[in-house]
A.B. asks: 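So that we are looking at the same thing, I have put the structure below in structure tokens.
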Amino acid sequence: MKYDFNQIEKKWQEYWAKNQTFKAENHSEKPKYYVLDMFPYPSGAGLHVGHPLGYIASDIYARYKRHQGFNVLHPQGYDSFGLPAEQYAIQTGQHPAITTETNIATYRRQLDQIGFSFDWSREVRTSDPSYYKWTQWIFIQLFNSWYNNDANKAEDISTLIKIFEIEGNTKVNAVCDDAVEMFTAEDWSVFSSKEQQAILLQYRLTYLAETEVNWCPALGTVLANDEIVNGVSERGGHPVVRKKMTQWSMRISAYAERLLQGLEAIDWTDSLKESQRNWIGKSVGAAVTFNVKNHDEVIEVFTTRPDTIFGVSFMTLAPEHDLVSKITTSEQKAEVEAYIEATAKRSERERMADVKTITGAFTGAYAEHPFTKEPIPVWIGDYVLAGYGTGAVMSVPCGDQRDYDFAKHFNIEIPNIFEGADISEEAFADKDKTIIANSDFLNGLNYKEATKTVIAELEKLGCGQGKTNYRLRDAVFSRQRYWGEPFPVYYVDGMPQMIDAAHLPIQLPEVEKYLPTETGEPPLGNATVWAWNTETNEVVSNDLIDHKTIFPLELNTMPGWAGSSWYFNRYMDANNTEAFASEEALNYWKDVDLYIGGSEHATGHLLYARFWQKFLFDKGVVPVDEFAKKLINQGMILGTSAFVFRVTLMWVDTVHHRGSREYLEELNKSFPTILCSSDTYQKYFSEELSLFELNEKYDIPELDNFICSVDTNKVDLYKLYFGDNMIHADVSFVNASDELDIEAFKNWREEYKNAEFITEDDGTFKVKREVEKMSKSKYNVVNPDQICIDYGADSLRLYEMFLGPLEQYKPWNTAGITGVHGFLKKLWKLYVDDNGLRVDDSEASADSLKTLHKTIKKVQEDIENFSFNTSVSTFMIAVNELTAQKCTSKAVLEQLLVLISPYAPHIAEELWSQLGHNESISTVAFPKFDESHLVESSKNYPISFNGKMRFTLELPLDMSKEDIEKTVLAHEKTQEQLQGRTPKKVIVVPGKIVNIVG
RNA sequence: GCUGAAGUGGUGGAAUUGGUAGACACGUUGGACUUAAAAUCCAAUGAACAUUAGUUCGUGCGGGUUCAAGUCCCGCCUUCAGUACCA
């Protein structure tokens, strides 16, 4: 019987679906294990071979855990709100829900055919109203909460109102907006409802505020910082500008410290934790206020080196700083204004790219040193960022390189306040070696002591205190898009009101057009039925808005990360209509034990999700405050692009033929399409080849015609040379030996129909290969569907793992799949031959048992270390050995199947059933490793001379060191190596090696 | 610049606490089977030298520790990813 993988795989996929083999129960005697993949956005292009890499790894782990006796939750779903469907809707008018549905169907078919052990009964889709109902619900919880710094947790807003009623806000220790006005209990009682609401917004964990946002005019939407790459939008590459807008924001800054501390408790990769740490950007230091001379103003700065306060020789403000216009003297006004104008013109990008150029201007004003009362000149410079800290720094040139460079450039004094530091060339920034000098009461102190002392002194003077700063900014939560979660919010007199949770979900309204409105409102502004009736509690027509009982609804929608910030909790109880998950389910599953996904989500999804989890934990909704114990980043599978070289006309001499440039461009259009292989290109074209040389070398009729058609009065034919132009060829036209299917290529595009190919002497045409990201535009996408048809899902699964370590980036090369496919055929033959099953009850040989147990040991270690590539090799070795041993023993072969089943589940199920089992192999106990089968009596010792291995010698393992030494020295080959010399030393490591020195 | 990861045959990659470098595959070459192809099987395959035995060199580069270094230490180089003047 042949290994008919197509039939076998179909059969078992149907079996698993029918029997709900992988359905996880929320009650079980078994210990729980939750394996999660980062759910995909269902794009229109479907899956390519790079996508399933992480899913295969997690599937192997999930299946392994089932064999280990765990109740495994391994769900999958779709992050189905998103920009591509909306863009498609804008172009075609097709409703995004329909596109999304179609795309999901494709994804599901592709996922099913790879044989994943997902529990599809728990599928979630973020765009499904039954799901986003709970996303809206969480939003309402955030709105109704404030962060109590004393309790260090989120609390219901009612507790804050109570405090306001009793004592106003003067003593409240809350995370809130920067500029909150103080009020008393009496003030509060006489505030209007609107005033009270406005105040509360400054404390809520999600709040409406005028924020400077990254506005992308082309997309008509706001982008988060991590959605912008190099100053343009991540999707589409459109320009982005800064703009002030009223937006919903999430007060993630309240959780900065807990998000940082929480990293200690979770087993995530170091690089990922490091990214999050940098993103949170904690710095400990002090806030110091400096009085401005002859003004009522003060300059507040944040510094991490308050110990260096006596080294301040100037202050620097960001050019955008509010004080600049107030304190600049009339003499300096012109210069300062010119500077501000110049920096405003420089785009953010230029400022970033060009950090070397030092610019700035003197305001003419002086601040007063809090201790010495000396005047300190106040400068502005664009190396100080308006958005960080207070937008002002106390500049200590002797201790900070940027201040140092600035001072040098503008000839500002650089006082040295460090004992024994040389600051003639650069600033001295080493905290550990710092001993303060020339600093009054700080003299002789080290960094730590000085910092403590100076903060105490500043507090005494009332002009400073210790402070911790975070780089982490509150996250903008509004998007001017259609295809996202609507907010459960309506507006009364401009103040946002939450719709009662009982009336959720608020479903996305229908719109005519998915573009922003003509008045610049978000797409929901096009909806005609988008008003809230507070009496009937339903969405009604906009015409009925009377601002008495019927009010307008929010027009923004939520960002992509809303739905993905809590989906892992929904899987625990995905079909619950009463709650986002039952308490029972949440308490049973608790958290994700293993989360696998890409590292690109380090500071987006993975930070926001931790934030929401901590919030939900504070509210008592979830039992743990970190949602994933362990996280692994899978690397990316890259494409191997294929290139052909297109010969183009180049003109070497442009000076004398200035007037005929246009003619040359014309000529290039009529120039025949000549394609050559990389070898030919290397051989001939890398050196400049002239038109006539080319024509001589190859007989190309079209080239003749072309040469005849050239008007030699306009151009000099002898001045024409060739350049190359690498063009992508679709990888499906190229075989394993890099040879191009010329006919297929010609038929691919109209422009290549009559192309001339310069082939090798043997008629072949070789492409140039280069590794690039796998993408449609590079024509290097390999579709898993075809692989499954040609080799089967088990081959695909094994091969993806075989390619290399999970976390590494590695190129795909379809040719290599024959290796693992051949392995599966060999495996099959071990069980089944032309006469049917060849497995019997014969006793296993010692060799076979040794092979088996060595395999069990290695595979178990590999899975637990997520080293899946090496276990595939281990299987190959095992099958090669068992084949050579002619093993037919059921005792051995049955166990081997269980080992392989997480990797190649279809073939394992099939052979398992052929061995006479009626139940799925999926929960059969994992084989137990028995060391006794590996015990050896002898060892093939490598015998080295001066560290170089010369020959091996089989010796008993129980032989003593002395006997080994004697035996080896007596050996004729040893004598041959020594050639009469006496060894100086003989190293014998029993069981390992013998090394003879001399 | 900083942070993190990584550099091993023609290619993907193996290699426990330092202990036979290149496992397992792909590719290539030769052979068997076949009318032929596919499939399958066998053999060779790091480089150089040598008829053979074998020798020398080899894990990015330069040093060092050690009986022994891909692995440990010091100093560099390169690539990839993240980050961007964070006071």
A.B. asks: Please measure how far the P atom in B:rU56 lies from the corresponding atom in B:rG60, and state the result in whole Å.
C.D. replies: 22 Å
A.B. asks: Can you list the residues that meet the ring-ring contact (aromatic ring centres under 6.0 Å, His included) rule with A:Tyr941, with sequence neighbours excluded?
C.D. replies: none
A.B. asks: Under the 3.5 angstrom rule, does the side chain of A:Asn633 hit a backbone N or O of A:Glu807 as a donor-acceptor pair?
C.D. replies: no
A.B. asks: Would a 4.5 Å heavy-atom cut-off, applied to side chains only, mark A:His321 and A:Ile380 as touching?
C.D. replies: no
A.B. asks: Taking the same atom, P, in B:rG27 and in B:rG82, what whole-Å distance lies between them?
C.D. replies: 34 Å
A.B. asks: Rounded to whole Å, please give me the gap between CD in A:Glu800 and C1' in B:rA25.
C.D. replies: 16 Å
A.B. asks: How about A:His821 and A:Asp790: do any of their side-chain heavy atoms sit closer than 4.5 Å?
C.D. replies: no
A.B. asks: Ignoring backbone atoms, test whether A:Thr603 places a side-chain nitrogen or oxygen under 4.0 Å from the OP1 or OP2 oxygen of B:rG82.
C.D. replies: no
A.B. asks: Phosphate oxygens OP1/OP2 of B:rC86: is one of them under 4.0 Å from a side-chain N or O of A:Arg402?
C.D. replies: yes
A.B. asks: What's the closest nucleotide to the A:Arg471 side chain, out of B:rC86, B:rA87, B:rC67?
C.D. replies: B:rC86
A.B. asks: Rounding to an integer number of angstrom, what distance separates B:rG19 and B:rU71 when you compare their C1' atoms?
C.D. replies: 11 Å
A.B. asks: What nucleotide among B:rA87, B:rC85, B:rA25 has an atom nearest to a side-chain atom of A:Thr304?
C.D. replies: B:rA87
A.B. asks: Out of B:rG27, B:rU83, B:rC41, which has the shortest distance to the side chain of A:Thr818?
C.D. replies: B:rG27
A.B. asks: Kindly point out which of B:rA87, B:rU55, B:rC24 is positioned nearest to the side chain of A:Ile877?
C.D. replies: B:rC24
A.B. asks: Check whether any side-chain heavy atom of A:Ser283 sits under 4.5 Å from a side-chain heavy atom of A:Phe302, and report yes or no.
C.D. replies: yes
A.B. asks: How many angstroms lie between CD in A:Glu965 and CG in A:Leu969, if you round to the nearest 0.5 Å?
C.D. replies: 5.5 Å
A.B. asks: Rounding to the closest angstrom, what is the interatomic distance between B:rG63 and B:rG12 at atom P?
C.D. replies: 28 Å
A.B. asks: Heavy atoms under 4.0 Å is the rule here; annotate nucleotides 9-22 of chain B 5' to 3' with B where the base is hit, S where only the sugar-phosphate is, and - elsewhere.
C.D. replies: ---BSS--B-BB--
A.B. asks: Quote, to the nearest angstrom, the C1' distance that separates B:rA47 from B:rA37.
C.D. replies: 37 Å
A.B. asks: Rounded to the nearest Å, what distance is computed from the CD1 atom of residue A:Ile380 to the P atom of nucleotide B:rA87?
C.D. replies: 22 Å
A.B. asks: Starting at atom CD1 of A:Ile280, determine the distance to atom C1' of B:rG82, rounded to an integer number of angstrom.
C.D. replies: 15 Å
A.B. asks: Could you identify the nucleotide paired to B:rG1, looking across every strand shown and requiring Watson-Crick or G-U wobble geometry with both distances under 3.5 Å?
C.D. replies: B:rU83
A.B. asks: Which one, B:rC86, B:rA25, B:rU83, comes nearest to the side chain of A:Leu385?
C.D. replies: B:rC86
A.B. asks: Rounded to whole Å, please give me the gap between NZ in A:Lys826 and C1' in B:rC41.
C.D. replies: 10 Å
A.B. asks: Is any side-chain heavy atom of A:Leu955 closer than 4.5 Å to a side-chain heavy atom of A:Lys939?
C.D. replies: no
